[in-house]
2 protein chains.
Amino acid sequence: MERNTRQRDAVLGALEHAGRALTPSEILELAQGTVARLNLSTIYRHLHALQDEARIVKVLLPGQAARFEAACGEHHRHAAHHHHHFHCEACDRVYALHACPGSMQDLAPAGFVVSAHEITLRGLCAECSRGSAR
Amino acid sequence: MERNTRQRDAVLGALEHAGRALTPSEILELAQGTVARLNLSTIYRHLHALQDEARIVKVLLPGQAARFEAACGEHHRHAAHHHHHFHCEACDRVYALHACPGSMQDLAPAGFVVSAHEITLRGLCAECSRGSAR
DNA sequence: GTGGATGCAAACTCTTTGCACCTTG
DNA sequence: CAAGGTGCAAAGAGTTTGCATCCAC
C-alpha cells in the first residue's frame, strides 16, 4: 500500500534513532540531514500513515504541541504498551516512563465512567538536574 | 489597577456561574448574553489578567485547547488547591476532581527530579453514562 | 479629560489540504 | 505508465497584538 520513499525512511528513522518523543519540527531538522528539501506537510502525512500502521504513537502533553515516538514493541502484534511521560522543563525533552500506578477509577465521582487516564510528570531530567544541582 | 467593566464582570461571571472549566469560545457565548458586542480578544485579555490575580486557573489537558475555571477558594490567601480533571468524551465537558493520589516521584527513573504531575481522566460523566448505559 | 479598556483586523503558531509535478513499482 | 508521493502555497483553528476609538474614574 505504501511506497518506500526516502522521505518515509527519513521520518521513521529520525524517530527510531532518537528514542524519545519528537515534535514535527524536530523531526524535520533531523530528517533534513537525509532529505534536504523535505517539507513539514510531508512529515505530517507520514506521521498519520505511520500511526495507522502502529509504527509510531502520538504523544500529547498538556499545553504542548503534539509529539511522536516510535512504537515500543518491535513486533506490533500486541496493543501499544500503556505508559506515561516525563517532560523536562529545562531542555523541553519528553521521555517515556515505563511504569503506571494502575487504574484511577476512584478519583472520579460516583456515576463517572473512567475509560482512560494520562499522567504527565514535569521537572528536570537526569542530565539537566546534574547540571543545575551540582 | 483594573477597572470594573461590564466585559470583565461578564467573563468572570460566566466562569463562576458555570462551575466547570470553559474554553474561551464557551465563555464568549455565555458572556455575550450580557455584553452583546463582546470580542474574543477582550476575553483573552481578561483571562490573562484574572490569572495574574489568581481569580481563575488555566486548565490544560492533553490534545485540548486551553480551558479556564474559577479559582476554588473564595479567599485566595491559600495557594490554588491542587487538583486534577475529568474530560467527558461524549459531551466534551471538563470537571474538576478533588482527589489526588499524591506524589509520583517513583514513576521517574533515577536522577530525574519530579516537581509536578498532572493526571487527566477520560470517559463518560455521570450525565452521559446514564444516557448511554441504560 | 486622560489613561486604561475595547473592537476590529492582522499576525503568528501548529496543522491540514488543494494542486501541479515528480517518482516508485 | 499509472497511482501514489512530494513540495509549495493557501486555508483553518487557537491565540496574540497594533491601533484607533471609547468609556470609567
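Order of the sequence lines fixes the chain letters, A, B, ..., with proteins taken first and strands second; residue numbering starts at 1 for each chain. Hydrogens, waters and symmetry mates are skipped; everything else that's a heavy atom, side chains included, is used.
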Do any pairs count as a side chain to side chain donor-acceptor pair (under 3.5 Å) and have a residue in residues 29-40 of chain A, sequence neighbours left out, and if so which ones?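 Sorted result for residues 29-40 of chain A: A:Asn39-A:Ser41.
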
Could you run down the sub-3.5 Å N/O contacts of the protein with nucleotides 8-11 of chain C?
unit_1	atom_1	unit_2	atom_2	d
C:dC8	OP1	B:Arg37	NH2	2.8
C:dA9	N6	B:Ser41	OG	3.2

Find which nucleotide of DNA chain D each of A:Thr42 and B:Leu40 is nearest to by heavy atoms, and output the residue with the more 5' nucleotide. A:Thr42

Letter per nucleotide, 5' to 3', of nucleotides 20-25 of chain D [B base touched, S only sugar-phosphate touched, - untouched; heavy atoms, 4.0 Å]: ---BBS

What residues form a side chain to side chain donor-acceptor pair (under 3.5 Å) with B:His84, not counting sequence neighbours? B:His82, B:His117

Connecting only ILVMFWY residues whose side-chain heavy atoms lie within less than 4.5 Å of each other, what is the rest of [X]'s hydrophobic cluster?
| X | result |
| --- | --- |
| B:Tyr95 | A:Phe86, A:Tyr95, A:Leu97, A:Met104, A:Leu107, A:Phe112, A:Val114, A:Ile119, A:Leu121, B:Phe86, B:Leu97, B:Met104, B:Leu107, B:Phe112, B:Val114, B:Ile119, B:Leu121 |
| B:Leu15 | B:Val11, B:Leu12, B:Leu22, B:Ile27, B:Leu28, B:Leu30, B:Val35, B:Leu38, B:Leu40, B:Ile43, B:Tyr44, B:Leu47, B:Leu50, B:Ile56, B:Phe68 |
| A:Leu60 | none |

[X]: partners by side-chain contact (heavy atoms from CB on, under 4.5 Å), with sequence neighbours left out:
| X | answer |
| --- | --- |
| B:Glu69 | B:Ala21, B:Val57, B:Val59, B:His83, B:His85, B:Ala96 |
| A:Asp92 | A:Gln64, A:Arg67, A:His87 |
| B:Glu118 | A:Pro62, A:Arg122 |

Pairs satisfying ring pair (Phe, Tyr, Trp, His ring centres under 6.0 Å), at least one member in residues 14-33 of chain A, at least two apart: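 The answer is none; no pair qualifies.
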
For residues 7-33 of chain B, which residues have at least one heavy atom under 4.0 Å from DNA chain D? B:Pro24

Could you check A:Glu89 against B:Ser115 for side-chain contact (heavy atoms from CB on, under 4.5 Å), going step by step and ending with a plain yes or no? CA-CA 9 Å; A:Glu89 296 176 305; B:Ser115 63; 3.3 Å; yes

